[in-house]
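In what follows, a single structure is set out as structure tokens and then discussed.
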Amino acid sequence: MTSPVLSPEPEAPQRGSVGAGAFDATSLVSSLPEALRKLDPRRMWRTPVMFVVLVGAVLTTVIAIVEPSVFAWAITAWLWLTVVFANLAEAVAEGRGRAQAASLRATRRDTVARRLLPGGGEETVAATELRVGDRVVCEAGDVIPGDGDVVEGVASVDESAITGESAPVIRESGGDRSAVTGGTKVLSDRVVVEITAAPGSTFIDRMITLVEGANRQKTPNELALNILLASLTIVFLLVVLTLQPLAVYSGAEQSIVVLVALLVCLIPTTIGALLSAIGIAGMDRLVQRNVLAMSGRAVEAAGDVATLLLDKTGTITLGNRQATELLPAPGVGMAELADAAQLSSLADETPEGRSIVVLCKERYELRARDEGELLHATWVPFTAQTRMSGVDLDGRAVRKGAAGAVIAHVRALGGRVPDDVTATVDAIAGSGGTPLVVSVDDRVLGVVHLKDVVKAGMRERFDELRRMGIRTVMITGDNPMTARAIAEEAGVDDFLAEATPEDKLALIRKEQEGGRLVAMTGDGTNDAPALAQADVGVAMNTGTSAAKEAGNMVDLDSNPTKLIDVVEIGKQLLITRGALTTFSIANDIAKYFAIIPAMFAVAYPGLDALNVMRLSSPESAILSAVVFNALVIIALIPLALRGVRYRPSSASDLLRRNLWIYGLGGILVPFVGIKLIDVLVSMIPGLG
Amino acid sequence: MSPALAAALQVAALVVALAAAWRPLGDYLARTLTSERHTRVERALYRAGGIDAGADQRWPVYLRSVLAFSLVSMVVLYAILRLQAYLPYSLGREGMPSLQALNTAVSFVTNTNWQSYSGEQALGYTAQAAGLAVQNFLSSAVGIAVAVALVRGFTRTRTDRIGSFWVDLTRIVLRVLLPLAAVAAVVLLLGGVVQNLAGDTTITTLGGGTQTLPGGPVASQEAIKELGTNGGGFYNANSAHPFENPTGFTNLVEIFLILLIPFSLTRTFGRLVGDVRQGVAILGVMSGLFAVMTAITVWAEIQHAGPALQLAGAAMEGKEVRFGVPISAVFASATTGTSTGAVDSMHSSFTAYGGGAVIVNMLFGEVAPGGVGSGLYGMLIAAIVAVFVAGLMVGRTPEYLGKKIQAREMKLVSLYILTTPALVLLGLGAAMATETGRSSILNPGAHGLSEVLYAFASASNNNGSAFAGLSANTDFYNVALAVAMALGRFLPICFVLALAGSLAAQSVTPATAGTLPTHRPLFAGLVAGVVVIVAALTFVPALALGPLAEGLS
């Protein structure tokens, strides 16, 4: 395991809930042409619920032409609008991805490659002619023509076309930083790249396909939901088809327009219209977080994850050891120790060294000093041989470094190391930390406690995950003692210490055998088997192409903490579908109260008691139900794109909350909505 | 004691008796169905039938066994009915006409017990006891076997075996139904139900006229008729007949027998899945719905709306004085809430809302508490739908008892849910669209529509009770209702067993805080909501033109 080369946000932004994607009302207008194109019956067939509405609309159109009436035309118009609104929802969702795809496609255009010939020399070919195994040369200013591995040289590469991150990254042959992506730009030096992906199946190509949602496959839960919706549609088709004989027997024969209106109101059009938009928007939310899911199935699986494997370094801890405490030797004042610790670290540019300066300033209120202030100082930089750094100033030799090295240094000068100091050193080492010893000449002043610092807010995050029913396991190469100390501090449920790739794979298999879904992140080639085995494997974009191939998601920001966001987006996707399904079905109750009395109060005046909304006429009642049915689709597009609000909490709480909002709301809202529409509709001449 | 107090005490006694029996009977059923041991009689039967009692079946084999067994049962019963004139104790009755015999054979094998004949006029004792009563045992055992197979789908993991139909059938009949029915028959006998082979006795009444009193082995058949939620009366008047149900005591015993197994099976379910709370939740849904529907029926009958009934002082038309209004309404709710179909009063004479409530009981799909076995599997299907919608709303792939509900499961569940509404609606539509169908209606207007709706609701849901007021012994109704009964019974069984196979093949997902708990009141309420909403959305138009139109005018 290597830690990510780039961690643009070491402190991952804390999000209480999954954020919203912006929804712009003007996108409704701009998506209209696409929505109309989608009226093609061959495309409509893919959503059976809306296909039924389309057939109904065609049928009422014919009737309205043959026997024109205000009512028939009004119903016909709104049935067509219902279909268009449904297509609009999908078009808007797709439109957001298409914009992204367009900018990606621009990077791919007209790239030329300098292919190396087997016999020496090179030729210039179009990037589209490259084959797997070809070697190409890229120099400063060149766009890398295709996905591949650096086999020769080292270069800094601008990957902003993919990641949006402008800071360049280093790519070099061998090791875990050899993968380069087509469409990115070499900024300095020269590398030879061996092409690993054929044109058309490169990373960018896959990204374009993904964000466009062109050949989006229905996910397992979406399929199951579609089956339920189709069967509801069949039930209501039967209800309406068998209603006419009953109506005739009862002396209240119905017109076909009314029967079609009833059918459209009853079948679950709301969820049927929004279902594919919800799916596309879910993928889109991931893309906005710079995560690319190779399949919708993986996003759904993320919602089901029961075990989260997190690497310690870079995910749970900041990745660098930091000074947390100064412990003076007997008879030494804190101020003296702090002063010496700071002085000895000024020249130390390692993160550890800088953290000591920061600690001295923040905790011990020691003014930060500049190297330049100290004119007569002779700086002693840290080297791997001496394992200490420091400064010679005013005849004093101030040193700080690994406990063993400094102690040896002091003893060599004839100094004595107090027993208390050695005890402190052992205690720190025992707790999983790293002790540094500070000395001036032959005197030991005290100990600096360095430790792996857990990122702020991680404990709360893990508590949150626990409430969601997700167990976190920390993976680390540390020894079990160190691992335990950090695991306890971070609040993870379990840890795997001294982990080898084989251990990781075995752990994933064990969890899966128990029926638990596992998510993990990884970047190295040796992570690839585990990434492939995990149900959700998020590869870091900085990682090797092997890792990226093995995982089913790629995080372009290479921020392992984002796994938690991915889980939340997966859950939000399912919740949105469930909530809108509930809402859609609950709506039917009010529609029955509007339509049944309108249809049959003529035959049985007593049934007018069911007209609890006191709608003004049978025609206006039926039309109002149809209009409401169409408008609710438009009203819910923003929700479908954004997803319902999700706060991590237990399943019971989530169900209670969503049942209240979308179940009870679904029952009540249409009563109000249909009544209001009826007030307006009844003003139309010929309907009131 | 006032009639209201008497009725309240009877209901209280019923609840206490059912509560007392719930645990021991449920546990006994669970033990019986999981036991490794075979009795000597069973081993002899398996040897005779060439059955390997140790071999569990894959779901298609289990299904084939159910279907083959039922088909053979139908053929045998059809033959008995057609050829009864040549059998002993035929009392001189002729063979049944072919379409009526077909209707009756299908009816009893599907646990429906729709009767388009009059028992005391059409059948001899051999046909009753060796034909119908035997099917009362077998058809109810089939229902329980299928329910248990579905439960095994939840309890077993990564297997394609869901149990042996032959072992389940044999055990349910021999260890559960026969002993219980024997005890119940003795109790009914002591309560005054007749049991003899005396044939018809002609007597001279005090008024000087003559009257024919039928006899027969009634108590033995009455016991399994109620216990197995069959409902086919020995006599035409069913449990309203004084020889089948002579007193308030026997009436209460019969209601108890009707509800005994359907409710107790929830305990069995809880025991089998290793979490009694899951069974209690299902019990809660069943008893909640049943209590509400019973309350509505009783309320409607006591209110006795309508001028004629107000003048009469009580809705006594079609009800027996010895049972009274409230308990007749409870019986009606029990017999329609289970798929029994026995009646101690004429449902057609119920008030509009009371009659509507018993129709709704059937339109729920016979799940609260439903027929023996079929009630449990029907309710588990509703629970799966609830789990699916609720599971999505908590952000996980829906799972019930650790088994994931995905496309394949939803396909089977959807097909199950489609079947009975489709049969009821198509049957009703066809009857109302054709002159043949309409000509059997004896009452005009909304009540006439209720009669046909009742007939198809009863047949498709395998209830078997009739609303009366419909001449059902016509070729159209004999055939249409036979088709409704057969498809209404066996199509759902196909889907349930396929579902069992699909669930058994899965591994178990362990429960976490993110798993939807399915034993809490919130979930039970949701399941009840699914049952009510599915029925309401499907049948509101028909109910509006039938009972509602009648009640609101």
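Lettering of chains follows the sequences in order, A, B, ..., and the numbering in each one begins at 1.
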Cut-off 4.5 Å, heavy atoms of chain A, and the answer for B/L526 is side chain
Using side-chain contact (heavy atoms from CB on, under 4.5 Å), reason through A/V239 and B/L425 one step at a time and then give a plain yes or no.
CA-CA 7 Å; A/V239 168; B/L425 289 171; 3.7 Å; yes
Cut-off 4.5 Å, heavy atoms of chain B, and the answer for A/R467 is backbone
Checked B/P541, B/G448, B/P398 vs chain A; the most non-hydrogen pairs under 4.5 Å come from B/P541
Could you tell me which portion of A/L517 (side chain, backbone, both or neither) has an atom closer than 4.5 angstrom to a non-hydrogen atom of chain B?
side chain
Please output the residues of residues 503-516 of chain B in contact with chain A, using a heavy-atom cutoff of under 4.5 Å, in numerical order.
B/V508, B/T509, B/P510, B/T512, B/A513, B/G514, B/T515, B/L516
Checking A/L610 against chain B: side chain, backbone, both or neither under 4.5 Å from a heavy atom?
side chain
In terms of heavy-atom proximity below 4.5 Å to chain B, should A/E513 be classed as side chain, backbone, both, or neither?
backbone
Quick check for you: to the nearest 0.5 Å, what is the distance between B/F523 atom CZ and A/L659 atom CG?
11.0 Å
Partner residues of A/R471 under the salt bridge (charged side-chain N to carboxylate O under 4.0 Å, His left out) criterion, sequence neighbours left out:
A/D494, A/E511
Which one, B/L537, B/V540, B/T538, leads in non-hydrogen pairs under 4.5 Å with chain A?
B/L537
With a cut-off of 3.5 Å and sequence neighbours excluded, list every side-chain donor-acceptor pair involving residues 410-420 of chain B.
residue, atom, partner, partner atom, Å
B/S414, OG, A/S231, OG, 3.4
B/S414, OG, B/M410, O, 2.8
B/T419, OG1, B/L415, O, 2.7

Test salt bridge (charged side-chain N to carboxylate O under 4.0 Å, His left out) applied to B/E409 - qualifying residues, sequence neighbours left out:
none
On a heavy-atom basis, which atom in B/M393 and which in A/I575 lie closest, and how many Å separate them?
O-CG1, 3.5 Å
Against chain B, label A/I596 side chain, backbone, both or neither, depending on which of its atoms sit under 4.5 Å from a heavy atom there.
side chain
Hey, are the side chains of B/K404 and A/D304 touching, using non-hydrogen atoms and a 4.5 Å cut-off?
yes
Between B/L545 and A/F600, is any pair of side-chain heavy atoms under 4.5 Å apart?
yes
Using non-hydrogen atoms only, which part of B/A446 is less than 4.5 Å away from chain A: side chain, backbone, both, or neither?
both
Quick check on B/R408 against chain A: is it the side chain, the backbone, both or neither that has a heavy atom closer than 4.5 Å?
neither
Beyond-backbone contact of B/I441 with A/Y249, side-chain heavy atoms, under 4.5 angstrom:
yes
So which residue, A/L654, A/L225, A/L246, A/N658, ends up with the most heavy-atom pairs under 4.5 Å with chain B?
A/L246
Measure B/R520 against the heavy atoms of chain A and call it side chain, backbone, both or neither at under 4.5 Å.
side chain
Any idea which of B/V424, B/V389, B/I533, B/L522 has the most non-hydrogen atom pairs under 4.5 angstrom with chain A?
B/L522
Given heavy-atom pairs under 4.5 angstrom as the criterion, report whether the side chain, backbone, both or neither of A/V248 touches chain B.
neither
Between A/S250 and chain B, which part of the residue has a heavy atom less than 4.5 Å away: side chain, backbone, both or neither?
side chain
Would you say B/L426 and A/L238 make side-chain contact, with heavy atoms under 4.5 Å?
yes
